[in-house]
Amino acid sequence: MKGIDSLTGFLDRSGCLRTATQLVRDLAASGQPLAVLWFNLDRFKQVNESFGHIGGDSVIADIAIRFRARTSGRAELSRMGGDEFVCLVPECDRIQAQQLARELMNTVEEPLTVGDLVLHPTASVGIAIYETGEDPLELLERADRAMFASKGKGGNSIVISGDEPVPGRLGILLAREELSIENSLHTAFETGGFHLHYQPILRADGSIEAVEALMRCTVNNQTISPGKFIPVAEKTGLITRLGEWSLLQGALQARTLRDAGCPTKVAINISRAQLVSPKFSNALHAALLCANIQPDLIELELTESLFMDISETVQKNLKSAIKAGISLAIDDFGTGYSCLANLKDIPARKLKLDRTFVTVLPDDSRALAVVQAVTQLGRNLGMTVVAEGCETQKQNDALLNVGVDAIQGYLHAYPMPGEDLIAWIQERKQP
Ligand code: C2E
Ligand code: MG
Ligand code: MG
């Protein structure tokens, strides 16, 4: 039926606008307040990617049933398409609107089973209260904008229209810097401004455990650090192309090293944005094929949260890499949301302890205790433990004392271009 959404039985977008217009007309006469609550589910794209559209639809239908039960005639419910719901609530002021929004957020969060998984969805909510004489469309748009502001805060929150943070001067400057970096990335693609540098990782006996490929970007003789350009590449989707390029370059470097008589594992950093793409496996296999190397010459460095990602594509990509014989390493371990309990379930052969623990050695006894415990645990789980960011001999001694397997850091070598790497390795081989 026109005006009704077939999946939920709620009003659809046009039905919502018609009803809002009617309510505004009625309430204008009575002087009662009217609230619009705009809901958008968080990470719904991930649900669709993991479970397909049938799974996504079942989540929407379940949430709709919960909304209906909780509002019981108090509100006109609409589905604005996708994962967006709007509640038009007559005789509802700002405080009551917040209360209702919270109740509905709680009901969204109740566990929901899809396939063999239990999800705990959350929602971002925007609220707008009708202002005398306001156009109903503008009222809806204000609620939508407030919802966007809630997403901008990281989701799972309520923003009331009028309370949105105004982008300050710093925000504008940051946005400009991002645009300028994005521009530089495009130029770098056109002018061959990307390079990989390689940093050796050394075992206690001085032999090379692996080399880590680290991306460099130079535009108009200016270098941009990966800490700045990788996040922009991830945000803009350019990382897919960049990631494919680094996989191939890293694999070619592994062949060059092998052909030069010094076969060495090349570790390549992989972003979440790459691993959520169904194209990742193809790019990985294409790189191996093109470079014509054994898979054990490649290692992928991923942060811990990626191993715990439940999305089907990520799981498939990880399995496919392991099946092909490529080893995986947990990068930056100890930062973010590391959880020791997860370690046993992670199919990685290597654990890279983050630089923050190493920098404070040997004086910080608590950091030393953490390094010691994690090293022991990693080794008990059969993993190779690597410490990142070692800059001094004292740090090196402390790390070797607690038994880490290998060390990476400026003390031993700075990241260097591929051409210099072979010379560096061969020099070390000389007696
Ligand atoms: P990461 O993977 O943890 O790489 C190690 C970082 O530590 C590198 O920074 C390296 O130059 C730096 N480092 C190594 N030894 C020392 C040391 O002794 N002291 C200090 N202070 N730093 C040291 P870099 O090259 O700036 O890269 C930063 C991050 O950017 C990397 O951290 C990685 O997360 C990301 N990244 C770099 N290249 C790529 C890439 O090709 N793809 C992706 N997705 N991310 C990359
Ligand atoms: Mg790394
Ligand atoms: Mg790291």
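For ligands, and for the atoms within them, numbers begin at 1 and follow the listed sequence. Everything quoted here is computed from the prediction, not taken from an experiment.
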Practice prompt. Taking only Lys NZ, Arg NE, NH1 and NH2, and the carboxylate oxygens of Asp or Glu, determine whether E212 and K265 approach each other closer than 4.0 Å.
Written response: no
Worksheet entry | Proximal protein heteroatoms (N, O or S) of the Mg ion (ligand 2), under 2.8 Å | E212 OE2, N269 OD1, E301 OE1, D331 OD2
Item to complete: Examine ligand 1 and decide if any of its atoms is less than 4.0 Å from a heavy atom belonging to S225.
Response: no
Discussion item. Less than 4.0 angstrom from a charged side-chain N to a carboxylate O is my criterion; do E177 and K228 meet it?
Written reply: yes
Practice prompt. Would you kindly say whether D5 and T8 are connected by a side-chain donor-acceptor distance under 3.5 Å?
Written response: yes
Practice prompt. Provide the closest heavy-atom pair for P415 versus L214 in the form atom of the first, atom of the second, distance.
Written response: CG-CD1, 3.8 Å
Item to complete: Provide the number and element of each atom of ligand 1 under 4.0 Å from a heavy atom of S271.
Response: 44 (N)
Worksheet item: Any idea which atoms of ligand 1 are less than 4.0 Å away from a heavy-atom of P226?
Response: 24 (P), 25 (O), 26 (O), 27 (O), 30 (O), 37 (C)
Response to the item:
Per-atom filter on ligand 1: closer than 4.0 angstrom to a heavy atom of D332 are 3 (O)
Worksheet item: Between D42 and K151, is the closest basic N to carboxylate O distance under 4.0 Å?
Response: yes
Worksheet entry | Where F10 and A64 come nearest, the two heavy atoms and their spacing | CZ-O, 3.4 Å
Practice prompt. Just go through F229, Y410, F194, W245 and tell me whose heavy atom is the nearest to atom 12 (C) of ligand 1.
Written response: Y410
Worksheet item: Is the shortest side-chain N to carboxylate O distance from R379 to D405 below 4.0 Å?
Response: yes
Discussion item. Considering H412, H197, E212 one by one, which has a heavy atom nearer to atom 1 (P) of ligand 1 than any of the others?
Written reply: E212
Discussion item. What protein heavy atom lies closest to atom 38 (N) of ligand 1? Include the residue and the distance to one decimal.
Written reply: M215 N, 3.0 Å
Fill in: Options T303, T359, I407, L214, ranked by nearest heavy atom to atom 37 (C) of ligand 1, top entry
L214
Discussion item. Run the side-chain hydrogen bond (donor to acceptor under 3.5 Å, both in side chains) test on D420 and H197 for me, step by step, so that the C-alpha distance in whole Å, both residues' side-chain angles and the decisive distance to 0.1 Å come before the verdict.
Written reply: CA-CA 9 Å; D420 298 352; H197 280 190; over 6 Å; no
Discussion item. Looking at K235 and E178, is there a salt bridge between them, counting it only when a charged N and a carboxylate O are closer than 4.0 Å?
Written reply: yes
Worksheet item: Can you list the steps and then say if Q393 with D397 is a side-chain hydrogen bond (donor to acceptor under 3.5 Å, both in side chains)?
Response: CA-CA 6 Å; Q393 191 58 47; D397 295 344; 3.1 Å; yes
Worksheet item: Of all the atoms in ligand 1, which lie at a distance below 4.0 Å from a heavy atom belonging to C390?
Response: 18 (O)
Item to complete: Give a yes or no on whether a salt bridge exists between E209 and K350, defined as a side-chain N under 4.0 angstrom from a carboxylate O.
Response: yes
Discussion item. I want to confirm something. Looking only at heavy atoms, which of Q199, Q395, R355 is nearest to atom 15 (N) of ligand 1?
Written reply: Q199
Worksheet item: Would the number of heavy atoms belonging to other residues, nucleotides or ligands and lying under 6.0 Å from CG of N380 be above 12?
Response: yes
Discussion item. Which of the numbered atoms in ligand 1 are under 4.0 angstrom from any heavy atom belonging to E391?
Written reply: 17 (C), 18 (O), 19 (N), 20 (C), 21 (N)
Fill in: Enumerated ligand 1 atoms positioned under 4.0 Å from heavy atoms of P415
11 (O)
Worksheet item: When you look for heavy atoms under 4.0 Å from ligand 1, do you find them on the side chain of D354, its backbone, both, or neither?
Response: neither
Worksheet item: Nearest to atom 42 (N) of ligand 1, what protein heavy atom do you find, and at what distance?
Response: N269 O, 3.4 Å
Discussion item. Please determine whether a side-chain nitrogen of the Lys or Arg among R142 and D135 lies less than 4.0 Å from a carboxylate oxygen of the Asp or Glu.
Written reply: no
